[in-house]
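Shown next, in structure tokens, is the structure this report addresses.
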Amino acid sequence: MTPTTVTALDVLRTRSSARRFLPTPLPADDIRAVLEDAQRAPSNSNTQPWVVHLVSGATRDTLAERLSAAFDGGETTPDFTGDYGGGRYLRRSHDHSAAVYGSMGIERSDHHGRQRAVRRNLDFYGAPHTALLFMPMLGDGVRAAGDVGMYAQNFLLSLTARGYRGIPQTMIGHYADTVRDVLDIPADLKLLFAISFGRADETEPTNDLVMDRVPLHESVTVHDTPGVLPAP
Ligand SMILES: Cc1cc2nc3c(=O)[nH]c(=O)nc-3n(C[C@H](O)[C@H](O)[C@H](O)COP(=O)(O)O)c2cc1C
């Protein structure tokens with residue numbers, strides 16, 4: 001697939017996360033093109049606060065080993081907290097877990113199976129490349145984090161347009177000190193998440209998973225915009 005054979009709408013409707021990759025590295029020119037596409041992301045006052053470390057090869061393998069060891073030792077060092085609270089967000093997160101583990105053939109009661117699946121995050125799901133997305137703490141960090149999210153979506157859509165797959169991984173962000181140590185990154189750069197990427201193993205059913213979305217009216221309230229959503 002080349003970028004010219006698919007439309008932007010195809011790309012944004014068909015992008016999905018992959019969780020089994022082939023180990024073959026991507027051509028350097030394609031990776032550079034993805035980085036250039038991502039760089040076009042909008043940001044507050046064009047501050048472009050994303051600081052990206054691209055990791056492949058021996059460094060990727062070392063990082064995966066160190067992350068797996070930190071996981072096994074329970075040594076989490078996240079820069080940011082995550083809490084879905086209760087209610088709808090927690091419920092959606094549980095639905096998501098059931099769908100992801102189900103796509104891997106892991107039963108809800110199979111605690112060890114789930115742990116093994118979670119641990120595969122730390123090997124980047126087998127991807128040959130991972131991009132670690134850091135940011136400086138500007139104020140409370142929320143605006144910069146939003147900008148990095150814009151960057152990440154450009155990155156993922158560019159991968160899709162070029163026939164590749166990726167997955168954002170907050171799991172990697174749970175081991176921020178380990179990543180900084182391996183890559184020699186200063187403590188004032190905070191790790192949001194990684195995007196691991198490459199060619200998906202298309203024989204793996206988990207890569208066919210299409211996650212549901214809630215209906216529009218659960219996310220959007222319209223004001224004086226008739227015809228967009230049914231009246232409540
Ligand atoms: C910022 C961010 C962090 C994520 N972290 C993880 C992760 O650590 N591990 C994982 O398997 N999936 C992770 N995901 C993938 C989500 O589960 C996925 O995007 C969501 O279920 C929707 O599915 P889709 O990407 O296939 O459309 C993350 C997604 C985002 C946007």
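Below, each value reflects all heavy atoms present in this structure, side chains not excepted, and no hydrogens, waters or symmetry copies. Remember, it's 1-based here, ligands and their atoms both numbered in the order they're listed.
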List the protein residues in contact with ligand 1, where contact means a heavy-atom separation under 4.0 angstrom. Arg15, Ser16, Ser17, Arg19, His96, Asn121, Tyr125, Ile167, Pro168, Gln169, Thr170, Met171, Phe193, Met211, Arg213
Before accepting this row, confirm whether a basic side-chain N of the pair Arg32/Asp29 lies closer than 4.0 Å to the acidic partner's carboxylate O. yes
Other members of the hydrophobic cluster containing Met150, with the 4.5 Å side-chain heavy-atom rule, please. none
Any ion pair linking Arg120 and Asp123 (charged N to carboxylate O, less than 4.0 Å)? no
Cluster companions of Met135 among Ile, Leu, Val, Met, Phe, Trp, Tyr (side-chain spacing under 4.5 Å): Leu26, Ile31, Val34, Leu35, Trp50, Val52, Leu54, Phe80, Leu133, Met137, Val148, Tyr151, Phe155, Leu156, Leu159, Tyr164, Leu192, Phe193, Ile195, Phe197
Name all residues meeting the salt bridge (Lys or Arg N to Asp or Glu O under 4.0 Å) criterion together with Asp37; count only those two or more places apart in sequence or in a different chain, and write none if there are none. Arg162
4.5 Å side-chain heavy-atom contact, His112 and Asp110: yes
